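Quick note: numbers below take in every heavy atom, side chains included, and nothing from hydrogens, waters or symmetry partners. Everything quoted here is computed from the prediction, not taken from an experiment.
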Amino acid sequence: MADVNPAFVLQSIKNVSFEERPVPTLRDEYDVRVHVEQTGICGSDVHYWQKGRIGDFILGSPIVLGHESSGTIVEVGAKVKNVKVGDLVAIEPGVPCRRCDHCRSGYYNLCADTVFAATPPHDGTLQKYYVVASDYVYPIPKHMTAEDGALVEPVAVAVQVIKVADLRAGQTVLVFGCGPIGVLCQAVAKASGASRVIGVDISHSRVNFAKEFGADGVFLNQSKPKEGQDPVDAARAVAEQIVAEYELGDGADVVLECTGAEPCIQAGIFAAKKGGTFVQTGMGRENVVFPITTACIRALTIKGSIRYTTGCYPRAVELIASGRIQPRKLITHRFKFDKAEEAFELVKKAQEDTLKVIIEGVGI
């Protein structure tokens, strides 16, 4: 085994570099060491790179970036039973304390002591070797690739969103955003029994992709507030147009907001039916104008979704393995490890033709 561990490190805001670090050692008998093979770039990685913080998580010292990864097990602790050396695994990037009330109830995404990859102050997976608890790696079937394994993470995020929405068979689902998480939410909703799934975006290429990937219908939103028009009224008009065009009656049973854009949040509330459910998963500005009176009058159930909970990763693996979800179709660009900064620059541009960017591991 090599005696160095190449890593892609966020030194400070807008300042990244490659480092040769020591190969990480197992911390206890239940750990495994993974040779990372593929890593997807997430918007949160870019946000830390450009802004240095997300909410209360603030960059205070250098961290290795990356958290959507797969790889091959190269070392196991003495008490590891679920995987062996040579297994290709998807890495769940957040390991909670396992002892608090949230963990014991299955909602470990709320654990305050979670060690989450590439979330300050913890190192991420964009390095040759990564050490993680063995119960947070998942063997993937032989017909799945390392790219599939890396994309288990965003699929698990979508599985959690659908879980939070408490989606029932036969319900209508409206999804704002046709980026990676948006289209995955659309596909998981469809695989979970939704009768109709409608995707909304401002991008021609993204709505076209959504229609081919998992949505039953798409709405290209290119309307802008008229001069002097109240922005909230404009959002209401967009919602009414979507509901009318897709004959959603009083509105969609479930609205999933995957953009974080204020007009989409507002339109989502107006597009939900009375007694419906609105789930916020996109993160944009920290504070927005919210149509709370409409939410109250319609008796909406409003929820937030973050990361994943018990069962999400196994469900994501099963959906990909069965072919019901094919996340590799999202990959638009692939980079070698030594071109990681170029990959991040591309994602930062947020171009219409860029969906998922993947970085190949060291020595693959």
Any side-chain heavy-atom pair of C264 and V200 under 4.5 Å:
no
* Asked: If you group Ile, Leu, Val, Met, Phe, Trp and Tyr by side-chain heavy-atom gaps below 4.5 Å, do L256 and L355 land in one group?
  -> yes
Checklist entry - With under 30° as parallel and over 60° as perpendicular, where do the rings of H35 and Y129 fit, or are they tilted in between? => result tilted
Any sub-3.5 Å donor-acceptor pair from D250's side-chain atoms to K274's backbone N or O?
no
Okay, side chain of Q171, backbone of R168: is any donor-acceptor separation there less than 3.5 Å?
yes
ask   = Does one side chain, of E68 or T39, offer a donor that lies under 3.5 Å from an acceptor on the other?
value = no
task: Go through the steps for S44 and H67 under the test side-chain contact (heavy atoms from CB on, under 4.5 Å), then give the verdict.
output: CA-CA 9 Å; S44 65; H67 66 270; 3.2 Å; yes
E262 side chain reached by V289 side chain, heavy atoms, under 4.5 Å: yes
NZ of K348 to CG of D45, rounded to nearest 0.5 Å, is 14.5 Å
Smallest heavy-atom separation, L10 atom then K14 atom, equals CD1-N, 4.5 Å
Exam field: side chain R99 to backbone C97, donor-acceptor pair closer than 3.5 Å: yes
### Task
Indicate whether any N or O donor in one side chain lies under 3.5 Å from an N or O acceptor in the other, for D253 and T172.
yes
Output for pair (S61 OG, H122 NE2), nearest 0.5 Å, gives 10.0 Å
Would you find more than 12 non-hydrogen atoms of other residues, nucleotides or ligands less than 6.0 Å from Y30 atom OH?
no
Tightest non-hydrogen contact, residues R196 and E247, listed as NH2-O, 3.3 Å
Quiz item: Does Y48 reach the side chain of P120, with side-chain heavy atoms less than 4.5 Å apart?
Solution: yes
| said: Are I91 and L65 linked, directly or through intermediate hydrophobic residues, by side-chain heavy-atom contacts shorter than 4.5 Å (ILVMFWY only)? | reply: no
Worksheet item: Are the side chain of D31 and the backbone N or O of G77 linked by a donor-acceptor pair below 3.5 Å?
Response: no
Here the gap from S105 atom OG to L110 atom CG, rounded to the nearest 0.5 Å, amounts to 7.5 Å
Query raised in the report: Are any side-chain N or O atoms of E360 and backbone N or O atoms of R334, one a donor and one an acceptor, separated by less than 3.5 Å?
Result: no
Give the cluster check for M144 versus L184: same hydrophobic cluster or not, with ILVMFWY residues linked at side-chain heavy-atom distances below 4.5 Å.
yes
- Quick check, are the ring centers of F219 and Y246 under 6.0 angstrom apart? no
Nearest heavy-atom approach of C185 to A158 is N-CB, 3.7 Å
Notebook entry, point to check: Do the side chains of I331 and E147 get nearer than 4.5 Å, heavy atoms only?
Noted result: yes
Whether over 12 other heavy atoms sit under 6.0 Å from Y107 OH:
no
Between R206 and T354 (side chain of the first, backbone of the second, donor and acceptor by atom type, cut-off under 3.5 Å), is there such a pair? yes
Contact check, side chains of R324 and E318, non-hydrogen atoms, under 4.5 Å = yes
Other residues, nucleotides, ligands: >12 heavy atoms within 6.0 Å of I302 CD1: yes
Discussion item. Has N221 got a side-chain atom pairing as donor or acceptor with D201's backbone, closer than 3.5 angstrom?
Written reply: no
### Query
Can you check side-chain contact (heavy atoms from CB on, under 4.5 Å) on R98 and D135, steps first, answer last?
CA-CA 11 Å; R98 302 180 178 86; D135 49 331; 2.8 Å; yes
Whether the K303 and T277 side chains hold a donor-acceptor pair (N or O, under 3.5 Å, no angle test) is what I'd like checked. no
Checklist entry - Counting only N and O atoms by type, is there a donor-acceptor contact under 3.5 Å from the side chain of Q229 to the main-chain atoms of K226? => result yes
Closest heavy-atom pair, C42 versus K356, reported as atoms and distance to 0.1 Å, is CA-NZ, 4.3 Å
State whether a side-chain donor-acceptor pair under 3.5 Å links S70 with Q38.
no
For the residue pair I198 and V175, establish whether any side-chain heavy-atom pair is separated by less than 4.5 Å.
no
If we ignore angles and hydrogens, is there a donor and acceptor under 3.5 Å between the side chains of E37 and T72?
yes
Requested in this report: Assess whether atom CG of N208 is packed by more than 12 heavy atoms of other residues, nucleotides or ligands within 6.0 Å.
Outcome: yes
Requested in this report: Just do the side-chain contact (heavy atoms from CB on, under 4.5 Å) check on V9 and F18 with the steps written out, would you?
Outcome: CA-CA 6 Å; V9 181; F18 292 95; over 6 Å; no
Separation between CD1 (I358) and OG1 (T332), nearest 0.5 Å, reads 9.5 Å
* Asked: Quick one: is the NZ or CZ of R307 closer than 6.0 Å to the six-membered ring centre of F116, and within 45° of its axis?
  -> yes
### Query
Passes side-chain contact (heavy atoms from CB on, under 4.5 Å), F270 versus V243? Steps please.
CA-CA 9 Å; F270 292 123; V243 169; over 6 Å; no
Legend entry - Distance-only polar pair, side chains of S305 and T281, donor-acceptor under 3.5 Å: no
- According to a 4.5 Å side-chain heavy-atom criterion applied to Ile, Leu, Val, Met, Phe, Trp and Tyr, with indirect links allowed, do Y308 and V159 form part of one hydrophobic cluster? yes
ILVMFWY cluster, V357 and L151 together (side-chain gap under 4.5 Å)
no
Tightest non-hydrogen contact, residues Q127 and F337, listed as N-CE1, 4.2 Å
Value for CD1 (I140) from CG (D87), rounded to nearest 0.5 Å, stands at 10.0 Å
inquiry  = A side-chain contact here means heavy atoms from C-beta on lying under 4.5 Å apart; do V238 and P263 qualify?
reply    = no
CD1 (I359) and CZ (F344) are apart, to the nearest 0.5 Å, by 5.5 Å
**Request:** Check whether any side-chain heavy atom of N109 sits under 4.5 Å from a side-chain heavy atom of Q160, and report yes or no.
**Result:** yes
* Asked: For K273, does the NZ atom have more than 12 heavy-atom neighbours from other residues, nucleotides or ligands under 6.0 Å away?
  -> no
Taking every heavy atom of K190 against every heavy atom of S195, the minimum-distance pair comes out as NZ-O, 3.0 Å
- Kindly check if the number of other-residue, nucleotide or ligand heavy atoms within 6.0 Å of CD1 (I58) is above 12? yes
Handout entry: Y136/Y313 aromatic ring centres below 6.0 Å
Key = no
Are more than 12 heavy atoms from other residues, nucleotides or ligands located less than 6.0 Å from atom CG of D101? no
Margin query: Between Q280 and G282 (side chain of the first, backbone of the second, donor and acceptor by atom type, cut-off under 3.5 Å), is there such a pair?
Written below: yes
For D216 and K211: C-alpha separation, side-chain torsions, deciding distance, then whether salt bridge (charged side-chain N to carboxylate O under 4.0 Å, His left out) applies.
CA-CA 6 Å; D216 296 303; K211 194 170 184 179; over 6 Å; no
- [ ] Assess the side chains of E257 and T259: does a donor N or O sit below 3.5 Å from an acceptor N or O?
- [x] yes
Around R104, counting heavy atoms of other residues, nucleotides and ligands shown, do more than 12 lie under 6.0 Å from its CZ?
no
Under a 3.5 Å distance rule, please check whether S12 uses its side chain to pair with a backbone N or O of N15 as donor and acceptor. no
